[in-house]
Amino acid sequence: MPDTKQTVLEQAVADQWKVLPSGLTVLVRPMPGYSSTHVIFATKFGSIDRDFRLDGKEVHLPAGVAHFLEHKMFEDQDGDAFAKYAKTGANANAFTSFDRTCYLFTATQQLDESLDVLLGMVTHPYFTEQTIAKEQGIIGQEIKMYDDSPDWRLITGLFECLYHSHPIRSDIAGTVESIAQITPEMLYDSCRAFYAPDNMVLAAAGDTTMERVLAACARHGLMEPRSTERVQRLWTPEPMTLVTTETTLKMPVSKPCFGLGFKEEPLPEGDLRTEALYDLILCCIVGGMSPLYRRLYDEGLVNPGFGGEVLRVDGCCCILFTGESDEPDTVRQLLLDEVARIRAEGVDREIFTLCKNEKYGQLIENLENVEDSASQMADFALSGQTVAQQITMLAGLTAEDADAALQHILCTDRMATMYIQPDGTAPQAGEDDEEEEE
């Protein structure tokens, strides 16, 4: 007999979903009574998509092209898209991750006009040598800002320890040297390969309807069938060995930073179940309700930013623990001891249930916010799932599943450690206060 409560919950979060003749997936969550609408136009093209074959032609991109392309999409022959959004009153932005690029806006008025700006700029790219040269200088400054971020350097440093050839080793924005190689032809090739409608998702949540969004799609030719380019991503085989087990970097930080990275077997495409299971396991080990987190925090060994995360993209899956501590080696050993204990004894059933309920709560809470609701729809749709399917999948996960998975992950022979130590140039905790008192 089906779980009535579960069925009602799935029906409550059922979003409207339609695949257009062009191949574009459109999702809409009407939210009557809300004053704003949030829209996301996303493509499965991120920093790791650097080598591919397009209709028989091999294309090899330097690091940073997806992020560079995100910036350039806002500029066309008619000017800058941000200026057009300013006229509609919409608040617009965009971001690039390892495996996707997303363009978004929030509007309280003139929604149709803002949709036209979004769909027009993404479906009609325009690049020249002159505009590319200008952007290279702008993004070069952004890259230098990332180089000064300890948190980002910690993550990228762990990737360099864990992976020999996977493009996750490279910074999402690339380097000043790599973006200097970008040409208009590279950007147009990338658009033809990955900005095809059948590789994209359009999600909207708020004061709108499916009919209104489809009307905008029709105005931009997205209701018509498209001939699709034949694209094949090219990957270099990645061994399960490590590049190095430990590395240290000195930066102007006031407290040492540390990270532990575990190289796991890549997950099959669309396998959100295993990813969610790993996430629940981490919640049981270092989540806010776990005994280890409480001990580390109460003893002053970590700050509230300490935690773990699962990162999976095509050809790559890793589990990362990061934080700040004056005694990083102590934290590292206590973490490894806790993993070994839970592997032997099994996850705490009560904590597992609490963590699972917390994940439920996050999914449902996101439905009350237009930005979170649209983002959630787009994220799952890029993997071919709906929010309702995600809830059903989460409901099926058990503590026994976690116990079984833990026997094969977080192994020390696939673990790397990254340290960022103070270089002596940053003020230490309390120094500024002492100077003020004097």
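- A side-chain donor-acceptor contact under 3.5 Å links Gln389 to the backbone of Thr386.
- There is no side-chain donor-acceptor pair under 3.5 Å between Thr417 and Glu246.
- Rounding to the nearest 0.5 Å gives a distance of 12.5 Å between CG of Leu69 and CE of Met186.
- Checking side-chain atoms of Ser290 against main-chain N and O of Ile285 turns up a donor-acceptor pair under 3.5 Å.
- For Glu275 (side chain) and Arg312 (main-chain N/O), no donor-acceptor pair under 3.5 Å exists by modelled atom type.
- The neighbour count for His164 NE2, taken as heavy atoms of other residues, nucleotides or ligands under 6.0 Å away, is above 12.
- Panel note: side chain Ser47, backbone Ile172; no donor-acceptor pair is recorded below 3.5 Å.
- In plain terms, the two heavy atoms of Cys102 and Ile40 that are nearest each other are CB-CG2, 4.1 Å.
- In this structure, Arg226 contributes its side chain and Pro21 its backbone to no donor-acceptor pair below 3.5 Å.
- Under a 3.5 Å cut-off, the side chain of Lys263 and the backbone N or O of Thr241 do form a donor-acceptor pair.
- Separation of atoms CG (Leu61) and OG (Ser190) is listed at 4.5 Å; rounding is to 0.5 Å.
- Surrounding CD of Glu185 are at most 12 heavy atoms belonging to other residues, nucleotides or ligands under 6.0 Å away.
- A perpendicular orientation is assigned to the rings of Phe98 and Phe159, their planes being inclined by more than 60° (bins at 30° and 60°).
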Mind listing the side-chain donor-acceptor pairs of residues 200-213 below 3.5 Å, one per line with the distance, residues two or more places apart or on another chain?
residue	atom	partner	partner atom	Å
Thr209	OG1	Arg212	N	3.2
Arg212	NE	Asp112	OD1	2.9

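- Under the 3.5 Å distance criterion, the side-chain polar atoms of Lys359 are left unmatched by any main-chain donor or acceptor of Leu280.
- Side chains of Asp329 and Tyr419: a donor-acceptor N/O pair is present below 3.5 angstrom, by distance only.
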Q: Could you walk me through whether Cys191 and Met73 pass side chain to side chain contact (heavy atoms under 4.5 Å, CB included), step by step?
A: CA-CA 10 Å; Cys191 285; Met73 278 297 191; 3.4 Å; yes
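- Taking OH of Tyr188 as the reference point, atom OH of Tyr195 lies at 13.5 Å (rounded to 0.5 Å).
- With hydrogens and angles left out, the side-chain atoms of Glu371 and His38 include no donor and acceptor closer than 3.5 Å.
- Counting only residues at least two apart or in different chains, ring pair (Phe, Tyr, Trp, His ring centres under 6.0 Å) contacts with residues 200-257 comprise His166-Trp235.
- Taking each heavy atom of Thr101 and Glu70 in turn, the nearest pair found is CG2-CB, 3.8 Å.
- Looking at Asp401 and Arg273, a side-chain N of the basic residue comes within less than 4.0 Å of a carboxylate O on the acidic one, giving a salt bridge.
- No hydrogens or angles considered: a donor-acceptor pair under 3.5 Å links the side chains of Asn199 and Thr43.
- Just one of Asp326, Leu292, Leu301, Leu260 meets the side-chain contact (heavy atoms from CB on, under 4.5 Å) condition when paired with Val331; it is Leu301.
- If you check the side chains of Thr128 and Thr131, you find a donor sitting under 3.5 Å from an acceptor.
- Between Asp76 and Lys84 there is a salt bridge, with a side-chain nitrogen of the basic residue lying less than 4.0 Å from a carboxylate oxygen of the acidic one.
- Environment of CD in Glu365: sparse, with no more than 12 heavy atoms of neighbouring residues, nucleotides or ligands closer than 6.0 Å.
- At least one test fails for Lys44 against the ring of Phe194: distance under 6.0 Å to the centre or angle within 45° of the axis.
- Tyr293 approaches Phe306 most closely through the heavy-atom pair CE1-O, 3.7 Å.
- No hydrogens or angles considered: a donor-acceptor pair under 3.5 Å links the side chains of His67 and Glu142.
- Looking only at atom types and distance, the side chain of Thr88 has a donor-acceptor partner in the side chain of Ser114 under 3.5 Å away.
- Applying the 6.0 Å contact sphere to CD of Gln407 captures more than 12 heavy atoms from other residues, nucleotides or ligands.
- With hydrogens and angles left out, the side-chain atoms of Ser149 and Asp151 include no donor and acceptor closer than 3.5 Å.
- What you find for Pro125 and Val122 is that their closest heavy atoms are CD-O, 4.3 Å.
- In the model, Thr156 has no side-chain atom that pairs as donor or acceptor with a side-chain atom of Arg169 under 3.5 Å.
- Checked by atom type, the side-chain pair Trp152/Asp147 shows no donor-acceptor distance below 3.5 Å.
- Partner of Phe105 under the side-chain contact (heavy atoms from CB on, under 4.5 Å) criterion, chosen from Val39, Asn93, Thr37: Val39.
- Enclosure of atom CZ in Phe82 by more than 12 non-hydrogen atoms of other residues, nucleotides or ligands within 6.0 angstrom is indicated.
- What you find for Thr96 and Gly46 is that their closest heavy atoms are CG2-CA, 4.5 Å.
- The pair Arg233-Asp49 meets the salt-bridge criterion, since a charged nitrogen lies less than 4.0 angstrom from a carboxylate oxygen.
- For the residue pair Asp271/Thr274, the side-chain donor-acceptor check at 3.5 Å is satisfied.
- A distance-only check finds a donor-acceptor pair linking the side chain of Ser325 to the backbone of Glu327 [under 3.5 Å].
- Expressed to the nearest 0.5 Å, how far CZ of Phe45 lies from CZ of Arg50 amounts to 10.5 Å.
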